[in-house]
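The model shown is predicted, which means the values in this text are computed figures rather than measured ones. Chain letters run A, B, ... following the sequence lines, proteins first and then strands; every chain starts at 1.
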There are 2 protein chains.
Amino acid sequence: MLKEERHQTILSEVELHNRILLTDIAETLDVSIDTIRRDVKELDADNKLRKVHGGAISLGFTTNSTRNNNIYKLEEKSRIAGKAVALLKNGSVIFIDGGTTCLELARSIPLNLDLTCFTHSIPVAMELLNKPNVTVILVGGQVSKESQIAFGANAIHNLSEIKVDYSFIGTGYVDSHYGLTEFDWDIVQVKKAVIKCSKKTVLLSISEKLNSQHRYKTCDINAINTMITELDPEDDLLNSFKNHDIRIL
Amino acid sequence: MLKEERHQTILSEVELHNRILLTDIAETLDVSIDTIRRDVKELDADNKLRKVHGGAISLGFTTNSTRNNNIYKLEEKSRIAGKAVALLKNGSVIFIDGGTTCLELARSIPLNLDLTCFTHSIPVAMELLNKPNVTVILVGGQVSKESQIAFGANAIHNLSEIKVDYSFIGTGYVDSHYGLTEFDWDIVQVKKAVIKCSKKTVLLSISEKLNSQHRYKTCDINAINTMITELDPEDDLLNSFKNHDIRIL
DNA sequence: TTTATTATTGCCGTTTTTTGCTTTATATTT
DNA sequence: AAATATAAAGCAAAAAACGGCAATAATAAA
């Protein structure tokens with residue numbers, strides 16, 4: 001059995017169960033515990049997992065419980081993230097917006113996926129640093145205290161100089177007639193710039209936000225190529241979006 | 001069951017219920033109370049929770065339990081941060097570098113201080129967002145996985161367009177003769193740009209790093225205006241720096 | 001092809017870590 | 001103050017990690 005094969009097996013086991021015991025793996029793969037120990041040590045050095053006494057744990061399993069438990073409607077958001085991840089291919093160049101739903105997407109990116117990922121969100125950037133195969137590029141600018149994303153002239157200018165395959169964005173409010181709207185004018189400006197710099201725009205939104213609107217408009221609903229909610233695409237709640245040219249997942 | 005798993009379980013229980021009893025946890029996880037006691041003791045030492053008689057309580061949201069509290073030589077670094085903060089005045093425009101010492105500085109900024117603060121470090125930016133009177137401006141660019149700072153052409157270009165009153169920088173190695181040096185070439189390039197964009201440069205370094213050197217050079221020791229270590233400025237270890245034109249704090 | 005070199009793997013003895021138990025000390029409650 | 005619960009310190013057994021070593025496999029060089 002090749003070393004590389006073992007590494008793959010170990011990684012997928014870790015991803016699947018969040019943790020493994022060295023003794024278990026050694027028995028499963030029928031090699032000595034020393035070999036497994038060395039394998040895991042290497043994988044740790046490569047930041048693919050975290051080695052602990054007696055075994056290893058997944059990097060994602062850093063149950064930063066404070067955040068995980070405080071996210072509103074986490075269940076729905078991670079469903080959305082799951083669907084979004086399916087759009088990604090090796091080599092994709094993407095942009096990820098701020099907000100808890102997009103953060104969940106960042107968290108869900110598989111460890112073996114090769115990506116170049118732009119973001120103006122500090123928490124998203126933080127999360128992406130845990131992904132060994134993701135190149136992270138930060139869009140700079142003044143940082144908003146509430147939303148923890150860079151905004152303002154500088155951020156918008158930086159965005160004007162890039163073009164990404166997909167951008168994954170969140171929104172404060174969305175309505176099939178009024179489009180995407182926000183409470184904050186500055187945020188609207190950056191979102192516009194994000195949409196402009198992407199070949200395809202994917203909106204991530206929990207169904208609770210559907211049919212709501214606010215003061216400032218980001219874009220028409222037609223500017224969105226794909227919309228992802230936690231609902232089944234055939235759900236009646238999505239009917240009003242179906243006569244637009246949007247893919248619904 | 002791995003120790004790490006127990007730690008995670010204990011933490012999430014504490015976050016969930018705000019307080020736990022050691023006996024309860026011991027029974028739940030089916031290990032001896034001594035083991036749990038030791039676990040909780042470690043978690044307390046890492047500032048993940050607070051150990052109390054008979055159990056443990058959550059730190060709550062007040063304390064900055066944001067992350068990684070197992071910083072090497074934290075004591076020294078927060079002494080350094082204390083001295084650095086004394087240089088700041090209302091209205092100052094500063095740059096803060098990455099690294100744990102600079103992070104400690106960011107953490108130590110008093111809540112009532114009005115500042116405009118540039119940084120290319122994600123953890124530093126994260127920390128500064130907690131300061132209501134600090135305007136945070138992120139310097140973008142590709143992000144290094146190990147050092148969690150933006151580097152590369154884009155970051156350097158962005159730095160070339162600003163001028164700050166003070167920059168607070170860390171370094172891998174420092175020597176009175178060879179100046180500031182680093183292990184990583186890319187990092188050196190950004191640091192050069194940082195120094196160039198600041199009226200005054202302040203070096204923060206624990207004394208352990210004095211008289212060490214590495215491959216790539218950031219700058220001569222003369223490029224530094226102020227050097228802060230955890231030592232008394234009169235300490236003999238600093239002698240070799242005294243015949244340079246540096247203020248030592 | 002044969003030979004030299006390097007990498008990988010299992011084994012073994014030693015050291016470190018972990019854990020439960022016991023004893024003694026300290027805290028809390030009645 | 002007495003009774004009870006909890007903490008701390010030390011100890012020993014077991015598990016795991018580490019480092020060196022030698023056999024073998026894989027790779028490069030002659």
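- Atom CG of B/Leu2 and atom C1' of C/dT19 are 14 Å apart (whole Å).
- Pairs passing the side chain to side chain donor-acceptor pair (under 3.5 Å) check and including a residue from residues 182-193 of chain B, sequence neighbours excluded, read B/Asp97-B/Lys191, B/Thr171-B/Glu182.
- In this structure, A/Ile20 places its CD1 atom 13 Å from P of D/dA16, rounding to the nearest Å.
- Listed by chain and residue number, nothing satisfies the ring pair (Phe, Tyr, Trp, His ring centres under 6.0 Å) test with B/Phe118 (two or more places apart in sequence, or in another chain).
- Atom CD in A/Glu4 sits roughly 11 Å away from atom P in C/dT8 (whole-Å rounding).
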Restricting to nitrogen or oxygen on both sides, can you table the protein-nucleotides 22-25 of chain D pairs closer than 3.5 Å?
none

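- For the ring pair (Phe, Tyr, Trp, His ring centres under 6.0 Å) test, no residue two or more places apart in sequence or in another chain qualifies with B/His157.
- Between A/Lys48 and A/Glu42 no salt bridge is recorded (no basic side-chain N to carboxylate O distance below 4.0 Å).
- Taking the six-membered ring where the residue is Trp, the centroids of A/His120 and A/Phe95 are separated by under 6.0 Å.
- When the side-chain nitrogen and oxygen atoms of B/Arg6 are compared with OP1 and OP2 of C/dT19, one or more of them lie within a distance under 4.0 Å.
- A straight line from NE2 of A/His7 to P of C/dA7 spans 15 Å, rounded to a whole angstrom.
- The nearest whole Å value for the distance from the NZ atom in B/Lys3 to the C1' atom in D/dA15 is 13 Å.
- Between B/Glu4 and A/Arg19 there is no salt bridge, since none of the side-chain N atoms of the basic residue sits less than 4.0 Å from a carboxylate O of the acidic one.
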Could you go over nucleotides 3-8 of chain D and give all protein N or O partners under 3.5 Å, atom names and distances?
unit_1 : atom_1 : unit_2  : atom_2 : d
D/dT6  : O4'    : B/His53 : NE2    : 3.4
D/dT6  : O3'    : B/Gly54 : N      : 3.0
D/dA7  : OP1    : B/Lys51 : NZ     : 3.4
D/dA7  : OP1    : B/Val52 : O      : 3.4
D/dA7  : OP1    : B/Gly54 : N      : 2.5
D/dA7  : OP2    : B/Arg37 : NH1    : 2.1
D/dA7  : O5'    : B/Arg37 : NH1    : 3.2

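- Summarising the geometry, the separation between CZ on A/Arg38 and C1' on D/dC21 is reported as 11 Å, rounded to the nearest angstrom.
- Counting heavy atoms from C-beta outward, B/Ile206 and B/Thr229 have side chains that stay 4.5 Å or more apart.
- A/Ile36 places its CD1 atom 13 Å from the C1' atom of C/dT8, with the value rounded to the nearest Å.
- Regarding B/Leu29, its CG atom lies at a distance of 16 Å from the P atom of C/dT18, rounded to whole Å.
- With sequence neighbours left out, B/Phe151 forms a ring pair (Phe, Tyr, Trp, His ring centres under 6.0 Å) with no residue at all.
- Between B/Ile149 and B/Ile122 the shortest side-chain heavy-atom distance does not fall below 4.5 Å.
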